[in-house]
Amino acid sequence: AFLGADRHWPAGSIGLLHMAVLYHIEWRKALIDVLAATQSQGAPLSTDTGQRFEAEPTDCRLGRWYYGPGRQLAPSAAFRELEAPHRALHACGKQLIARNRAGASMTELAPTLHELTGHSARIVALLQELEDAVLERLTEARLAAVAPALPSRTPEAPVRAASSAA
């Protein structure tokens, strides 16, 4: 289980997850910016410019995180689910680059851009699920660390009123 007691999820995991989200969003924004710029210039994308978006999912910054330091979160279902939409996102990116080079208009690219957006939304949602799980684990760990320091409470015996009969 992801939140098993034998797992350690350091607070640094939150920062790594935030960086993974930023890496992903930056890649997607850059791809859309490049496509829009080539459309406004009326020229297809150059080979050099498109190479970044033709990279394998293991080679982008999110992929390097996923197959590197992110592996500490591998027991999570959300982490395992992340691979499929990430690969699909890259497939869409490659398709957009190829179609742009073939002279496709933004109108013609729109369905693939919409598909790209769906994969992107899923990636961000899964990364958010991972953050929530890490935060939950950190909270549980902090509570467990504080609990032994708290005095134990024993039920008190009921206080009896002093008997007035003598």
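Since this is a predicted model, take the numbers as computed values, not measurements.
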Taking all atoms of both residues into account, what is the closest heavy-atom pair of [X] and [Y], and its distance?
{"X": "E129", "Y": "A78", "result": "OE1-CB, 3.7 Å"}
{"X": "L130", "Y": "S76", "result": "CD2-OG, 3.3 Å"}
{"X": "C92", "Y": "T112", "result": "O-CG2, 3.9 Å"}
{"X": "G70", "Y": "F79", "result": "O-CE1, 3.1 Å"}

Quiz prompt | Among K94, R87, H90, side-chain hydrogen bond (donor to acceptor under 3.5 Å, both in side chains) partner for E56 | solution = K94
With a 4.5 Å heavy-atom cut-off, do [X] and [Y] have their side chains touching?
{"X": "L96", "Y": "I32", "value": "no"}
{"X": "L31", "Y": "V34", "value": "no"}
{"X": "E83", "Y": "Y67", "value": "yes"}
{"X": "L16", "Y": "Q72", "value": "yes"}
{"X": "L113", "Y": "M106", "value": "yes"}
{"X": "N100", "Y": "F53", "value": "no"}

Quiz item: Can any side-chain N or O of R80 pair as donor or acceptor with the backbone N or O of P75 at less than 3.5 Å?
Solution: yes
Quiz item: Counting only N and O atoms by type, is there a donor-acceptor contact under 3.5 Å from the side chain of R99 to the main-chain atoms of E108?
Solution: yes
Quiz prompt | Near-ring test W27/H86, centroid separation under 6.0 angstrom | solution = no
Exercise. For the residue pair R101 and T38, confirm or rule out a side-chain donor-acceptor distance under 3.5 Å.
Key: no
Self-check item: L17, L126, V21, L73 screened by side chain to side chain contact (heavy atoms under 4.5 Å, CB included) with E131, the one that passes
Solution: L17
Mind checking the [atom1]-[atom2] spacing from [X] to [Y]? Nearest 0.5 Å is all I need.
{"X": "L127", "Y": "L82", "atom1": "CG", "atom2": "CG", "answer": "5.0 Å"}
{"X": "K29", "Y": "S120", "atom1": "NZ", "atom2": "OG", "answer": "13.5 Å"}
{"X": "L62", "Y": "Y23", "atom1": "CG", "atom2": "OH", "answer": "9.5 Å"}
{"X": "R64", "Y": "D59", "atom1": "CZ", "atom2": "CG", "answer": "7.5 Å"}

Practice problem: Take E81 and R122 through the side chain to side chain contact (heavy atoms under 4.5 Å, CB included) test and state the conclusion after the steps. | Solution: CA-CA 9 Å; E81 288 178 41; R122 184 65 184 142; 2.5 Å; yes
Exercise. Could you check I123 against R28 for side chain to side chain contact (heavy atoms under 4.5 Å, CB included), going step by step and ending with a plain yes or no?
Key: CA-CA 11 Å; I123 289 167; R28 181 175 163 252; over 6 Å; no
